[in-house]
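Accompanying notes for the structure given below.
Below, all heavy atoms of this structure are taken into account, side chains as well, without hydrogens, waters or symmetry copies.
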Amino acid sequence: MTVKVGIPNALLYYLYYPLWQAFFNEIGVQVVTSGKTTKDILNKGVREALADACVPVKLFFGHIMEIKDHVDYLYIPRVVCVNRKTVYCPKFLGLPDMIRHSVTGIPPIIDVRMDTRQGHFALLKAYLEIGKLLGASKISVFQAYQKANRVLGRYNNLLRNGWNPHEAMSLLSKPGAVLEKPPNLGLKFAVLGYPYNIYDSFISVNLLEKLRRLGVGVLTAENISPISLVLQKNCGLPKRLFWTFSDLALKAAHFLFKRGMVDGVLHLTAFGCGPDSLLNKFIEFEAKKHRNIPFMTLMIDEQTGEAGISTRLEAFVDMVKRRKEALACQK
Amino acid sequence: MPKITFPRMGESYRAFKMLLEDLGNEVVVPPRPSKRTLDLGIRYAPEFACFPLKILMGTYLETIEMGADTIVTTGGVGPCRAGEYAMLHHKILKDLGHDIKMIVFEPPRLHPVNFIKNLWALNKSGVSIRGVVAHIRRAWRKLQAMDKAEQLSHVMRPREINRGDTTRVYRKVLGWIDQAYSFEQIIEAESAAMEALGSISQDSKRIILKVGIVGEIYVLLEPASNLEVEETLGNLGVEVERSMFLTGWAKDNTWSETTERLTVKEAASPYLPELVGGHGRDSIGNTILYAKRGFDGIIQLAPFTCIPEIVARTILPRVSKDHDIAVLTFFLDEQTGKAGMTTRLEAFVDLLRRKKLFGRGAEPLTG
Ligand code: SF4
Ligand code: SF4
């Protein structure tokens, strides 16, 4: 029987799943995911996690509850740093420990540490460790790692080309398939925030779909080329934001505001998020300098209702539309 | 001349004031955080900013009203938010129209140039390097003296016969230490303080519970932010030992009382091997060390939305079970009320007392 490794559809899933899946499959391990977030998963997470934790971490707990009984291992790598500069939110850093010590009846956890500040081969070493644990030969791990990285490269390319993770993943799995490009809509918004909030259609209350229906095209930090982001340096601050996703979001905000590439900017933030308390304020300060591009913060929590978000979104879109029309008339 | 202020943490301002004045600066002493401080902080800091950031925001605004135009504070390299407080505070203050200078001390080991540059900027009267070092040593000694007095007050308070004696004497001796200037004077004031505190009349027959306090540094060190939890516990007959002081940790005790000679980090590593910023890992390690030393219970103090303490708190119930020690957590913010806190503390102390007297198993309390 093949070994089954469980990967929760939460947090880093949205950026690294294609790599992980390719890697595990290549070394002959079956990957089981927890599927899309559901009401039930959210409830489980809320029950299992600390009340003071942020929603995404609660969801992570929920997804763990969903798969823990169906797999031989849970894959919760301790991803600390992958770019030698920024680290992930401290909650990511303690993720395997939080799960291990607070959820009962869990299978063994694969919690290899990934920190590229420890040297160029830190990631390869981490995967070798995983391979060893699962009984794969070094050669096969090496090959799997290279293949997985190629898959990740293709995935990232798809993201840069404007697909969202769900679309990109299905394009990857069905080579040759053609997805309908979203029609060129009249308005374009930047949606900033963490991938695990933006692309989890349940917790974001279907934000992306809603915008599409309102005739708004969406640009996220993942759609922007990394070089343009790096060029933002520290965004005029004495230090960069310490956390990878926050740093990227702020850079994306600066880039988009400066270029004036979008008609509006939304920041999607989760209730109880620590880093966002800084990030949101810094984006707000930048927005103040660019009054021509309207900015709105949307906060989600475990009780966010369809209705509330829809009304606010519609009002915002309407406002942006009217402004744009008014500007067009003036010209 | 610029007027300098800095964050307030407990009584430490006395030493920092002395040091800055020795270097020739005019100092605006940050007032003790009050309701107004919190109101200001909440109004201008982001909603989910951690509690210390909000209090400091309020404090800065108050000191600016008092004429301060330069803020000296610390930076940091992460992974937690404290290292970025300064730049957020600075931006918010600027946005409010306050043209403030921020002098941010980064860890000297990583940023030696920054350290020297900042020190230079603060050295208004051009003291020689030797002189600066001497001033710093004296300020440090003052901090140590105050920490020692505070530690002793934690031992005396639960045993005092007349309620309030310890707090009264403690206030008084702080004044002595505050007045002391030269190295000899500080040492003299310290021994006088220890003697005064030690001679508070005490009831030696009382059964005293021992509780360790762990958590995030700011809410541990600033009594106004933790609603004087140590005093409340002392009055309930509990001797507290706080895991953190500005001048160091209660390491000596720890080493001699546990046979394994574990460090905090080693103790924590089976549960949390990773540094998660702030003092999350210390909270776990110290809990285990206190349990090994036979303490009756642990209180974890954490700011609302504090990332490392949330990680620690998620793991602590397991630690509590494995090491048979009760843990009570307080997530503190502007809405925490003293009455509610006291009720929960009384229930906790009751439970610990029953366990001590009748030896019942600890039920891990949740926070
Ligand atoms: S970045 Fe925010 S939302 Fe994400 S895990 Fe950390 S606290 Fe939670
Ligand atoms: S340790 Fe807690 S209080 Fe300190 S900066 Fe981090 S989140 Fe804020």
For this session: Before giving the answer on side-chain contact (heavy atoms from CB on, under 4.5 Å), spell out for A:L237 and B:K91 the whole-Å C-alpha distance, their side-chain angles and the decisive distance to 0.1 Å.
Result: CA-CA 9 Å; A:L237 295 171; B:K91 270 224 151 180; 4.1 Å; yes

Exercise. Tell me, do A:D97 and B:Y271 make a side-chain contact under 4.5 Å, heavy atoms counted?
Worked result: no

For this session: Decide yes or no for B:I315 and A:R100: does some side-chain heavy atom of the first lie under 4.5 Å from some side-chain heavy atom of the second?
Result: no

Problem set entry | Residue A:P96 versus chain B: region with a heavy atom under 4.5 Å | neither

Exercise. Do the side-chain N and O atoms of A:S277 and B:R81 include a donor-acceptor pair separated by under 3.5 angstrom?
Worked result: yes

Seminar exercise, completed: Counting heavy-atom pairs under 4.5 Å with chain A, the top scorer among B:E84, B:M87, B:R318 is B:E84

Exercise. Does the side chain of A:L50 reach to within under 4.5 Å of the side chain of B:F331, using non-hydrogen atoms?
Worked result: yes

For this session: Report the C-alpha distance between B:I92 and A:K281 in whole Å, list the side-chain angles of each, state the deciding distance to 0.1 Å, and finish with yes or no for side-chain contact (heavy atoms from CB on, under 4.5 Å).
Result: CA-CA 9 Å; B:I92 296 177; A:K281 200 77 193 170; 4.2 Å; yes

Exercise. More than 12 heavy atoms of other residues, nucleotides or ligands under 6.0 Å from NZ of A:K85: is that the case?
Worked result: no

Exercise. Which region of A:V57, side chain (C-beta onward) or backbone (N, CA, C, O), has a non-hydrogen atom less than 4.5 Å from a non-hydrogen atom of chain B, or is it both or neither?
Worked result: neither

For this session: Could you tell me which portion of B:V77 (side chain, backbone, both or neither) has an atom closer than 4.5 angstrom to a non-hydrogen atom of chain A?
Result: backbone

For this session: Determine the option with the most heavy-atom pairs under 4.5 angstrom with chain A, choosing from B:L316, B:D322, B:L88.
Result: B:L88

Problem set entry | A:C273 side chain reached by B:T305 side chain, heavy atoms, under 4.5 Å | no

For this session: Select one option (side chain, backbone, both, neither) describing which atoms of A:L95 are under 4.5 Å from chain B's heavy atoms.
Result: neither

Exercise. Do you know which of B:P308, B:P273, B:G280 has the most heavy-atom pairs with chain A at a distance under 4.5 angstrom?
Worked result: B:P273

Problem set entry | Minimal non-hydrogen separation, B:P79 against A:P90, with atom names | O-CG, 3.5 Å

Problem set entry | pair B:F48-A:D276: side-chain heavy atoms closer than 4.5 Å | no

Exercise. Heavy-atom distance under 4.5 Å to chain A: side chain of B:P270, backbone, both or neither?
Worked result: backbone

Exercise. Which region of A:C89, side chain (C-beta onward) or backbone (N, CA, C, O), has a non-hydrogen atom less than 4.5 Å from a non-hydrogen atom of chain B, or is it both or neither?
Worked result: side chain

Problem set entry | Within-4.5 Å side-chain heavy-atom neighbours: B:R313 and A:D52 | no

Exercise. Can you tell me how far SG of B:C80 sits from CG of A:L93, rounded to the nearest 0.5 angstrom?
Worked result: 10.5 Å

For this session: For chain A, find which of B:D95, B:L272, B:L275 contributes the most heavy-atom pairs closer than 4.5 angstrom.
Result: B:D95

Exercise. Should we say atom CG of A:N292 is surrounded by more than 12 heavy atoms from elsewhere, each under 6.0 Å from it?
Worked result: yes

For this session: Answer yes when A:R78 and B:E274 have at least one side-chain N-carboxylate O distance shorter than 4.0 Å, and no when they do not.
Result: yes

Problem set entry | Intermediate values then yes/no, side-chain contact (heavy atoms from CB on, under 4.5 Å), B:V311 and A:K91 | CA-CA 6 Å; B:V311 174; A:K91 281 184 200 160; 4.2 Å; yes

Exercise. Around atom NZ of B:K338, are there more than 12 heavy atoms of other residues, nucleotides or ligands at under 6.0 Å?
Worked result: yes

For this session: Check the pair A:W243, B:I307 against side-chain contact (heavy atoms from CB on, under 4.5 Å), reporting the backbone distance first and the verdict last.
Result: CA-CA 13 Å; A:W243 318 283; B:I307 309 172; 5.6 Å; no

